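FYI, the numbering just counts along the sequence from 1. As the structure is a prediction and not an experimental result, all values here were calculated from the model.
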Amino acid sequence: MKTVKRVLAVFMVGAMLLTGLSGCSNTAKNNVGTNSSNGEQTDGKQVLERVDLNIYLMGDPPAEKILNQFYEKLDEITLRDFNCTVRFKFSTWTDYGTKYNLMLTTDNTIDMVYSAGWLDYSSYASKDAFLPLDELLPEYAPDIWNLISPDKWNALRIKGSIYGIPSNNQTIAQHGVAYREDLRKKYNLPEIVDVDTLGQYLMTVKEKEPEMQIPLHEVPFFVLFAPSSGKYEYFDRQGEIGSAIALVYDIQNPMQSVIQYETPEYTDFVKKMKEWADAGLWSKSVLSGNEDPEAKMKVNQGAAWVECNIDKVSDLGFTLMEGQKDAQPDWEIGFFPYENMNGQTFFALSNSDLMAVPVAAPNPERALMVLNKFMTDQEYYDLTQYGIKGLTYNVTEDGRLDYSGLDTTDNSLKLSAWAWNNTDLHRKNIVEWEKKYTILDELTSKASADPFDGFALDLTKVQAEQAALMQVYAQYGKPLEAGFTENPEKDIAVLKEKMDAAGMQKFKAEVDRQMKEFIEAKQLPVGETE
């Protein structure tokens, strides 16, 4: 989820991007096919020139010992198949927006980078930070090119070109609350199906289990507003989209945006959040908090993990099953998907997880050739997703992952390789959180394509207004959504006044113009434009 803080971090360094990339754009484009030489013909066979690739991923690096062992195995097959080595650089989650921008503007050694909608894929692509891939993909990553549907490729087009390579992770983008199902049952509480039943659970646990916490990271429940309204939806379904701050759309009329704080549903929502805040479900430090809900739940100190997704709750359920089943046999994890409230369940956005080629990449073709193997070849896939067979994982005769008998504490490889996830090659575990596939099957059966998949706002004309609105909303909107108000109606009126003064009407008009054009263009056959 892209929060205001994260958006501001990237936005504040945007000026660097505009100047830092302009000098290297043409050079990199001219280097395609030269720096990354395809080699010479020897006895009728193509001999690839030796290169060393660098790939930039988001996340924390694995332990050095296991990473070096992994590189030894990876070198064996990449040197064999492509006469190259691959080394990964990792951007930790501290100041990652600034680090990411700095990497793109100053480091000309990176051959491929992780990207995503939440990491401003469309903005970086529109400013020529990435290399257009339309001609390169069919030649150097043909298996990926054929694997991904034309609709998905088209959804990634910026200014008519493809700049990102999506995963083949055929899943839904479902967020919600992970909670202790055993506690809900213990106190005979109703099934959690909406904001009221969620609140009843949280209030009861706070009263009956005072040692349990509801740890929260940043502002807690604003992601509940649109789905709980029954009328509105977020552009990205994960909360208010950072570039279109405070704007939602009417499910029945997606041709224009709606200012959420001007709706009666928003006033009701703020009042509900005030009830929860006044009851002590969180402290005022939540506005700048950095608590770790996952860690708290794993040690029996957390009652809920707000803003979780199905993959994270599955990992949590698996961890508890593996590590706590003997000590805590009654523990049970539940999951409340937000979109169950309005029935709007969508498949994951095409730009959820991507790999892109920086415009200054020295070896773009070779990087694409290797990525093609990472995503579509089982040998490469197993190594980069699961690690070293016999050390970090094993495989049963029927192809399932088996971690039994292994020291997974010291020997664990988590490479942050989300961008080349492939459902076709994914291995299930012999021990799974039993609810995962039940939930996924149910949600997938009613999921549909997101009407705004591929929607990329170009806010160049209202860049000043966007910056001002972000600052105002962080100051006046976020406290309201955390319930920190004595008079909701009065404080919402102040928010409206401040936002109007910052240019909301001009900003909204530009967003609406682009929304209308996007929706109208989507009515055309795939591949055509007006």
Student: Decide yes or no on side chain to side chain donor-acceptor pair (under 3.5 Å) for Asp458 and Thr460, but give the supporting numbers first.
Tutor: CA-CA 6 Å; Asp458 179 4; Thr460 305; 2.6 Å; yes
Student: Are side-chain N/O atoms of Asp353 and Ser167 paired as donor and acceptor at under 3.5 Å?
Tutor: no
Student: Report yes or no: does Thr105 contribute a side-chain atom to a donor-acceptor pair with the main-chain N or O of Asn101 at less than 3.5 Å?
Tutor: yes
Student: Kindly give the heavy-atom pair with the smallest separation between Ile388 and Phe70, and that separation in Å.
Tutor: CD1-N, 3.7 Å
Student: When you compare the side chain of Met58 with that of Trp93, does any pair of heavy atoms fall below 4.5 Å?
Tutor: yes
Student: Have Asn54 and Asp111 got a donor and an acceptor in their side chains that come within less than 3.5 Å?
Tutor: no
Student: Return yes if a side-chain donor-acceptor contact under 3.5 Å exists between Asp107 and Thr109, otherwise no.
Tutor: yes
Student: For Lys89, is the NZ atom crowded, meaning more than 12 foreign heavy atoms sit under 6.0 Å from it?
Tutor: yes
Student: Given side-chain contact (heavy atoms from CB on, under 4.5 Å), test Asn429 with Tyr393 step by step and report yes or no.
Tutor: CA-CA 10 Å; Asn429 201 308; Tyr393 79 103; over 6 Å; no
Student: For the CG atom of Leu425 and the OG1 atom of Thr376, what is their distance to the nearest 0.5 Å?
Tutor: 7.5 Å
Student: Quick check for you: to the nearest 0.5 Å, what is the distance between Asn154 atom CG and Ser149 atom OG?
Tutor: 8.5 Å
Student: When you measure from the centre of the six-membered ring of Tyr71, is the NZ or CZ of Arg87 under 6.0 Å away and within 45° of the axis?
Tutor: yes
Student: Show the numbers, then the answer: is there a side chain to side chain donor-acceptor pair (under 3.5 Å) between Ser257 and Asp512?
Tutor: CA-CA 6 Å; Ser257 64; Asp512 288 347; 2.6 Å; yes
Student: Rounded to the nearest 0.5 Å, how far does CG of Asn411 lie from CG of Leu391?
Tutor: 4.0 Å
Student: Within 45° of the ring axis of Tyr386 and under 6.0 Å from its six-membered ring centre, is that where the NZ or CZ of Lys414 lies?
Tutor: no
Student: In the structure I gave you, are the side-chain heavy atoms of Leu383 and Ile77 within less than 4.5 Å of one another anywhere?
Tutor: yes
Student: What I'd like to find out is whether the side chain of Tyr163 reaches to under 4.5 Å of the side chain of Tyr124, using heavy atoms alone.
Tutor: no
Student: Using a distance-only test with no angle check, is there a side-chain donor-acceptor pair under 3.5 angstrom linking Thr92 and Asp60?
Tutor: no
Student: Check Arg157 with Asp134, please: is the shortest side-chain N to carboxylate O separation under 4.0 Å?
Tutor: yes
Student: ring-ring contact (aromatic ring centres under 6.0 Å, His included) with Tyr114: which of Trp418, Trp420, Tyr56?
Tutor: Trp418
Student: Scan side-chain atoms only and decide if Asn421 and Gln385 contain a donor-acceptor pair under the 3.5 Å cut-off.
Tutor: yes
Student: Is there a side-chain contact between Asn422 and Asn169 (heavy atoms, below 4.5 Å)?
Tutor: no
Student: Side-chain donor-acceptor pair under 3.5 Å between Gln378 and Asp382, yes or no?
Tutor: yes
Student: Looking only at heavy atoms, what is the nearest atom pair of Pro254 and Ile519, with distance?
Tutor: O-CG1, 3.8 Å
Student: Indicate yes or no for a side-chain donor-acceptor contact from Arg366 to the backbone of Glu49 under 3.5 Å, with no hydrogens or angles considered.
Tutor: yes
Student: What do the steps show when you test Met103 against Ser91 for side-chain contact (heavy atoms from CB on, under 4.5 Å), and what is the final call?
Tutor: CA-CA 10 Å; Met103 176 272 298; Ser91 174; over 6 Å; no
Student: Suppose we call two aromatic rings close when their centres sit under 6.0 Å apart. Are Phe452 and Tyr249 close by that rule?
Tutor: yes
Student: Once you measure the plane-to-plane angle for Tyr121 and Phe130, does it fall in the parallel (<30°), tilted (30-60°) or perpendicular (>60°) bin?
Tutor: parallel
Student: Evaluate whether atom NZ of Lys159 has more than 12 neighbouring non-hydrogen atoms of other residues, nucleotides or ligands under 6.0 angstrom away.
Tutor: yes
Student: Checking Asp377 side chain against Tyr380 main chain: does a donor-acceptor pair fall under 3.5 Å?
Tutor: yes
Student: Verify, without hydrogens or angle tests, whether Thr444 (side chain) and Asp441 (backbone) share a donor-acceptor contact under 3.5 angstrom.
Tutor: no
Student: Is a side-chain donor or acceptor of Ser115 paired with a backbone partner of Leu354 at a separation under 3.5 angstrom?
Tutor: no
Student: Is a donor on one side and an acceptor on the other found under 3.5 Å between the side chain of Asn372 and the backbone of Leu368?
Tutor: no
Student: Does any donor atom in the side chain of Asn342 or Tyr232 lie under 3.5 Å from an acceptor atom in the other side chain?
Tutor: no
Student: Verify whether one side chain among Glu481 and Tyr473 offers a donor that lies under 3.5 Å from an acceptor in the other.
Tutor: yes
Student: Do Thr78 and Lys373 have side-chain N/O donor and acceptor atoms under 3.5 Å apart?
Tutor: no
Student: Can we say Glu510 and Lys516 salt-bridge, meaning some charged N sits less than 4.0 Å from an Asp/Glu carboxylate O?
Tutor: no
Student: When you compare the side chain of Trp305 with that of Val313, does any pair of heavy atoms fall below 4.5 Å?
Tutor: no
Student: Check Ile165 against Ile144 and note the closest heavy-atom contact, atom names and distance.
Tutor: CG2-CG2, 3.8 Å
Student: Between Ser350 and Asp453, does any side-chain donor sit less than 3.5 Å from a side-chain acceptor?
Tutor: yes
Student: Would you say Asp52 and Val86 make side-chain contact, with heavy atoms under 4.5 Å?
Tutor: no
Student: Closest approach of Leu48 and Asp81, non-hydrogen atoms and distance?
Tutor: CD1-O, 4.2 Å
Student: Determine whether a donor-acceptor pair (N or O, by modelled atom type, separation under 3.5 Å) exists between the side chain of Asn108 and the backbone of Ala360.
Tutor: no
Student: Ala178 and Phe335: which non-hydrogen atoms are nearest, and at how many Å?
Tutor: N-CD1, 4.2 Å
Student: Looking at every non-hydrogen atom in both residues, tell me the closest pair between Ala456 and Ile158 and how far apart they are.
Tutor: CB-CD1, 3.7 Å
Student: Check the pair Glu520, Arg513 against salt bridge (Lys or Arg N to Asp or Glu O under 4.0 Å), reporting the backbone distance first and the verdict last.
Tutor: CA-CA 11 Å; Glu520 289 177 344; Arg513 179 186 68 79; over 6 Å; no
Student: Quick one: does Phe374's side chain get under 4.5 Å of Ile55's, heavy atoms only?
Tutor: yes
